[in-house]
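Worksheet for the structure shown next.
Hydrogens, waters and symmetry mates play no part in the numbers below; they use all other heavy atoms, side chains included. Reminder, nothing fancy here: chain letters follow the sequence lines and each chain counts from 1.
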2 protein chains.
Amino acid sequence: MQSENLSDTAWRFIHHFGEMGSRWGISRTVGQIYALVYISHVPLNADDITHLLSFSRSNVSMGLKELQSWRLLRSEFRPGDRREYFKAPDDVWEIFRTLADERRRREVVPTLSVLRECLLDPKVTPEDEHFHRRMQAMYDLISMSNEWFIDIQKLSAEDLTALMHLGAHAQKLLHAKNRLLSLTGLTKTNETDEAP
Amino acid sequence: MQSENLSDTAWRFIHHFGEMGSRWGISRTVGQIYALVYISHVPLNADDITHLLSFSRSNVSMGLKELQSWRLLRSEFRPGDRREYFKAPDDVWEIFRTLADERRRREVVPTLSVLRECLLDPKVTPEDEHFHRRMQAMYDLISMSNEWFIDIQKLSAEDLTALMHLGAHAQKLLHAKNRLLSLTGLTKTNETDEAP
DNA sequence: CATTAATTTCAAAAATCCTTGAAAGTTCGG
DNA sequence: CCGAACTTTCAAGGATTTTTGAAATTAATG
C-alpha cells in the first residue's frame, strides 16, 4: 500500500482524495495520483508516482493521461532527461475552475443538448404537455447556471474571493443596485440563452 | 428495456439522467427513477416505477430509499390504498439546492475534517512545510466555498436568479460598494471559519 | 389473530469498472 | 538505422458495484 517515502499526513491526504475522486466520476487511482502531484514539493515523473503509490506503471500512465485530458497537469522536461515531470498548478482556484469547466463541457453542455431536443418533440397528449413544462424548468435552470459559470470564470481569484465573502449580502447589494439603476435610467444587459 | 407506456421523449430524458447519475455518484437506476418521478404528471408508487422502467421490484425499493436519504422525494398516501406515492418537489431550484446541500454534508464537511486533522500534524521536514501550505490553500478554498453555499442557500429562487443574471457584473458592483463603504465608514461583517 | 397486500432485506448472480503485465510503439543519441 | 530509455496499448484477470429473486418483515383488515 503505502510507500516508505510518504509521511502519514501525506498518505491520509492522498487516500482521502482517492475516495472522493471515486465519488466524482474519476477513479480512485486517478484521484490519488492527482493528490500526490498536488502536494508534492517537486515535479514528479511517472516512475516516481509508480514507486510512491505502488500502482503498476501502466496504471499510472493511464491515470496521467486522463488527468491531462482534464487539463489539470503542467509538465516540464529537463535537459539530458527524457522523462516528463508533472506538477499541478500552483493556484488552487485555477484547479477548481478547470475541473468545473471541464465538467461543464463534458456533462452540462450535452445535457442541455438532450433537453433542447426533447423540448422540440411534438406534444400529443396532456402528459406530454406536462413533461414539456418540467423539462423546460430544468433546462432554464441548467442553462442559467451554465451561463453564470462561464461569466464568473472570467473573474480573478481576488474578485471571486471578495464576491464569496459577500455571500448572501449580495442580495441587499442587488436591491440597492436596482434602486440606483431606476434613478440613472440604465438597463440590464444580459439575457441567458444558447444557440440551438 | 423501455415500457410501452413511456413516450420516446420521456425515455430519452430518463435515459440521459440515468447516465448522468452514474457519473455523479448515484447509480444509473437511481438516476432513472428520479428522472421518471420528476417528469411524471402524477405521483407514482413503487410498482408503477417497476413497470415503467422494468427494474426488479427490490431495485426500485432500494432506489427509492436512497432518494429519500437524499431528501429528494415527497410522498403521500391515499385513503383506502396502502401504497406510498412519490413525487419530486415542484420547484427545480429546491431540488438542486437539496442535492448540493446533501453533497456538501456528505463530502465537503468530511473533507474539511480530514484537512483540518492533517493541518494539525507536526511538520518535521521541509517537505512537510510544503504539504502544509498546499493543504492550507485547499482548506481555505473549500471552507470558503462551503460557507458561501450555506449563505447563498438562504436566498429565494428569485433573488438567486437575479444574482446569477448579474454574473460577472457583480464584480463592478462590488467595487462600487467598496467605494461607497469607504465613504460611510461601515466595515465587513463576515469572516469564514468553522469550529474544529 | 389469521390473511393479505405491500415493502424491505440479503446473499448470490450479473454487469461494470479497474488494474495489471506483456507486447508494441515512440523518440532520441550515436 | 540501431538500440536504449521511456511511454502507451490492450486483452485478461481481479475487484467492486448493481441488480435480482426468494424469503423475511411489516401493517392493515375482516
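Looking only at side-chain heavy atoms (C-beta outward), F13(B) and L115(A) come within less than 4.5 Å of each other.
DNA chain C lies under 4.0 Å from no heavy atom of any residue of residues 35-48 of chain B. Non-hydrogen atoms lying under 4.0 Å from DNA chain D are contributed by nothing in residues 70-78 of chain A.
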Footprint string (nucleotides 17-30 of chain C, 5' to 3'): B base within contact, S backbone only, - free, heavy atoms under 4.0 Å: SSSBB-----BB--

Cut-off 3.5 Å, no hydrogens considered: what does the side-chain donor-acceptor table look like for residues 57-67 of chain B, sequence neighbours left out?
{"from": "S58(B)", "atom 1": "OG", "to": "S56(B)", "atom 2": "OG", "distance (Å)": "3.3"}
{"from": "E66(B)", "atom 1": "OE2", "to": "W70(B)", "atom 2": "NE1", "distance (Å)": "3.4"}

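Applying the salt bridge (charged side-chain N to carboxylate O under 4.0 Å, His left out) test to pairs two or more places apart or on separate chains, those with a residue in residues 152-166 of chain A are D151(A)-K154(A). Listed by first and then second residue, the salt bridge (charged side-chain N to carboxylate O under 4.0 Å, His left out) pairs that reach into residues 120-139 of chain B are R12(A)-D121(B), sequence neighbours excluded.
W24(B) belongs to a hydrophobic cluster whose other members, connected by ILVMFWY side-chain contacts under 4.5 Å either directly or through intermediates, are W24(A). If you chain together ILVMFWY residues whose side-chain heavy atoms come under 4.5 Å of each other, M20(A) ends up in a group of its own.
Shown here are the side chain to side chain contact (heavy atoms under 4.5 Å, CB included) partners of F96(A), two or more places apart in sequence or in another chain: V92(A), M138(B), L141(B), I142(B). Applying the side chain to side chain contact (heavy atoms under 4.5 Å, CB included) test to R105(A) and every residue at least two apart in sequence or in another chain returns R71(A), D101(A), E102(A). Residues satisfying the side chain to side chain contact (heavy atoms under 4.5 Å, CB included) test with R74(B), not counting sequence neighbours, are K87(B), P89(B), E94(B). Taking D81(A) as the reference, R78(A), R83(A), Y85(A) meet the side chain to side chain contact (heavy atoms under 4.5 Å, CB included) condition, with sequence neighbours excluded.
Atom CD in E84(B) sits roughly 15 Å away from atom C1' in dA28(D) (whole-Å rounding). Atom CG of D81(B) and atom C1' of dA28(D) are 12 Å apart (whole Å). Straight-line distance from the CZ atom of R83(A) to the P atom of dT8(D): 14 Å, rounded to whole Å. The distance between atom CD1 of I49(B) and atom P of dT7(C), rounded to the nearest whole Å, is 10 Å.
A distance-only check finds no donor-acceptor pair linking the side chain of Y139(B) to the backbone of L119(B) [under 3.5 Å].
The side chain of K65(B) places no N or O atom within less than 4.0 Å of a non-bridging phosphate oxygen (OP1 or OP2) of dT7(C).
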